[in-house]
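Before any comments, here is the structure.
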Amino acid sequence: VLSDANKQEIHHVAELIKAHAEAVGADALARLFELHPQTKTYFPNFSGYHATDAPVKAHGAKVINAVLKAAEHLDDLPKHLEKLATKHGHELLVDPHNFVLFSDIIVVTLATRLPTFSPATHRAIDKFLEELVHQLSSKYR
Ligand code: HEM
């Protein structure tokens, strides 16, 4: 459960990266593809898998904007994420383990880009992404 202090941390980070969603998203996705090359198979039509490649930028922006939107719904995450969870679980059929891999990578990406990344910020982001991953993994049956 997110405390009020956690929520403040999450909103603060969201505010900081809002203007850089595409860059943050492209960086995170490129790291996912580099560290876990098998994840590229979900995106067979991409012309490249680096942060500078157009499809990585476009999809990275989509993903991070979805994370930012979720940060505005901390009190109703299950309902807010239901549609996206159903899409990943029933249509895209992404192995849910990949959500865990990706959330760890988002944490690292934020840590390399934010001016400071205190233990309290780290913990708040971790709890938020854990909840997000839990919800995204909830529609596989
Ligand atoms: C599509 C968010 C993790 C594979 C999408 C879309 C969003 C999104 C917003 C677009 C949905 C739409 O068009 O209606 C997220 C979030 C994630 C996440 C917030 C976790 C933080 C992953 C992971 C994979 C994945 C780990 C696979 C390794 C896909 C695929 C699509 C997609 C294949 C469809 C791409 C296309 O052809 O347009 N995701 N995603 N997602 N996602 Fe995710």
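Both ligands and their constituent atoms are indexed starting at 1 by order of listing.
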Requested in this report: Please confirm whether the backbone N or O of His97 pairs with a side-chain atom of Asp95, one donor and one acceptor, at under 3.5 Å?
Outcome: yes
Query - Heavy atom of protein closer than 4.0 angstrom to atom 37 (O) of ligand 1 - result: no
Query raised in the report: Does atom 29 (C) of ligand 1 have any protein heavy atom closer than 4.0 Å?
Result: yes
Query raised in the report: Got an N/O contact under 3.5 Å between His88 and ligand 1?
Result: yes
Query - Within the 6.0 Å centroid threshold, strictly below: Phe99 and His88 - result: yes
Query raised in the report: When you look for heavy atoms under 4.0 Å from ligand 1, do you find them on the side chain of Phe102, its backbone, both, or neither?
Result: side chain
Requested in this report: Give the contacting part of Leu132 toward ligand 1: side chain, backbone, both or neither, where contact means a heavy-atom distance below 4.0 Å.
Outcome: side chain
Report task. Just say parallel, tilted or perpendicular for the rings of Phe117 and His122, cut-offs at 30° and 60°. Result -> tilted
Query raised in the report: Does Lys83 come within less than 4.0 Å of ligand 1, judged by its heavy atoms?
Result: no
Report task. Any atoms of ligand 1 less than 4.0 Å from a non-hydrogen atom of Leu136? List them with their elements. Result -> 16 (C), 17 (C), 20 (C)
Report summary line: The reported gap from NE2 in His12 to OG1 in Thr121 (rounded to nearest 0.5 angstrom) is 7.0 Å
Query raised in the report: Phe33 ring centre to Lys40 NZ or CZ under 6.0 Å, with the angle to the axis within 45°?
Result: no
